[in-house]
Amino acid sequence: MLVNQKAKRSLIAWIAGLTMLTLGQSAQAATDLTVYTAVEAEDLARYAAEFNKDHPDINIRWVRDSTGIVTAKLLAEKNNPQADVIWGLAATSLLLLKSEGMLEPYKPKGVEKLDKKFVDKGKVPTWVGMDAWVASICYNTVEAAKYNLVPPTSWTDLLKPMYKGHLIMPNPNSSGTGFLDVSSWLQIFGKEKGGWEYMDRLHKNIARYTHSGSKPCKLAAAGEIPIGISFAFRGAKSKAAGAPLEIIVPAEGVGWDMEATAIVAGTNKLKAAQTLVDWSITKKANEMYNTGYAVVAYPGVAKPVEHFPPNLLEKMIDNDFEWAANNRRAILAEWLSRYDSKSEAK
């Protein structure tokens, strides 16, 4: 009997040790992925939590900043990449990174189900779109009334003397929203001359340039400025929270860009990176994106967003993404030389 008890205790100890060893090996097997993103900070925990429900063995280490800053960081790290995946960066930025040979071609599982305009046109895609965000004007009716302003109906309306000092917009060197504004004005008013002439005149009315695309609308919603040039969903979200905003779609049309996902060339965690990208284009992921964006890559998923302007999608310009990406450096340098004096300190 004593021998049996000793044997039983030894067996229990052996099983416990084996269990601890297995758990230790499982923990060691978990993969940390460094993911660069410009997604709104408030959404990141939700994205990771949903992904980890399906893939608990992959840990996401977010590195988050505005589009321009993330793009500059990636370019600076070209010869020594620190990121494994880019999940949520402007398509124009990814086109630039593609031209530098910095993205790993990969055809995600199920990519054929997506709207084709959200997929890189290469034989093997180097990036895949998630959702689209669209420019708009956030107009605080209460603050505007204090200055006897009237709502603008077009981009050219913003040049009127009444708006001087009452406008805030994003710096395109920091913000993807700022860049889509600038690149769209160049396409609308003239790439060589007209667009820059428009911005020269607009600059006179600008109070300051922010380093965040959502901040101008947040400031307008908070009553710190009557008018913020931002993106439509941010305005809809603030209006739903009770802010006295009108979300104005200028008559000439509005710029837009896609958030997109890609694998960084040279990652030594390719399998885990592919798993994340596969998951990022699923219907489940797109349903998650739709809580933050009215336009998503997976057809039939998008549901109406409260307060989203009904005519916005038809006002999206025929955006020349290749031109914007190929001329990005020159556009940003020219903008910086002309207008950076009114930028917020970083």
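Residues: numbered from 1 along the sequence shown. Keep in mind it's a predicted model, so treat the numbers as computed, not measured. The analysis underlying the following values was restricted to heavy atoms, covering all of them including side chains, and did not include hydrogens, waters or symmetry mates.
Between T261 and W127, the side chains place no donor N or O within less than 3.5 Å of an acceptor N or O (distance only, hydrogens not considered). For the residue pair D200/Y339, the side-chain donor-acceptor check at 3.5 Å is satisfied. Using a 3.5 Å distance cut-off with no hydrogens or angles, the side chains of Q187 and D320 do not pair a donor with an acceptor. No side-chain N or O of T210 forms a donor-acceptor pair with one of S212 less than 3.5 Å apart. A donor and an acceptor atom, one from each side chain of R46 and T291, are located under 3.5 Å apart. In this structure, a donor-acceptor pair under 3.5 Å is absent between the side chains of W133 and D257. No side-chain N or O of D278 forms a donor-acceptor pair with one of T275 less than 3.5 Å apart.
Heavy-atom minimum distance, W87 versus V39: O-CG2, 3.8 Å. When all heavy atoms of K342 and A207 are compared, the pair lying nearest together is CD-O, 4.3 Å. Across all non-hydrogen atoms, the minimal contact from P151 to Y139 is N-OH, 3.2 Å. Nearest heavy atom pair, residue L89 against residue L94, reads O-CD1, 4.1 Å. Contact between D84 and D32 at its shortest, heavy atoms only, is OD2-O, 4.1 Å.
Ring to ring, F321 and W256 are close: their centroids are under 6.0 angstrom apart. Ring centroids of Y147 and Y163 are separated by 6.0 Å or more, keeping the two rings apart. Residues W335 and Y209 place their aromatic rings such that the two centres sit under 6.0 Å apart.
At least one test fails for R64 against the ring of Y36: distance under 6.0 Å to the centre or angle within 45° of the axis.
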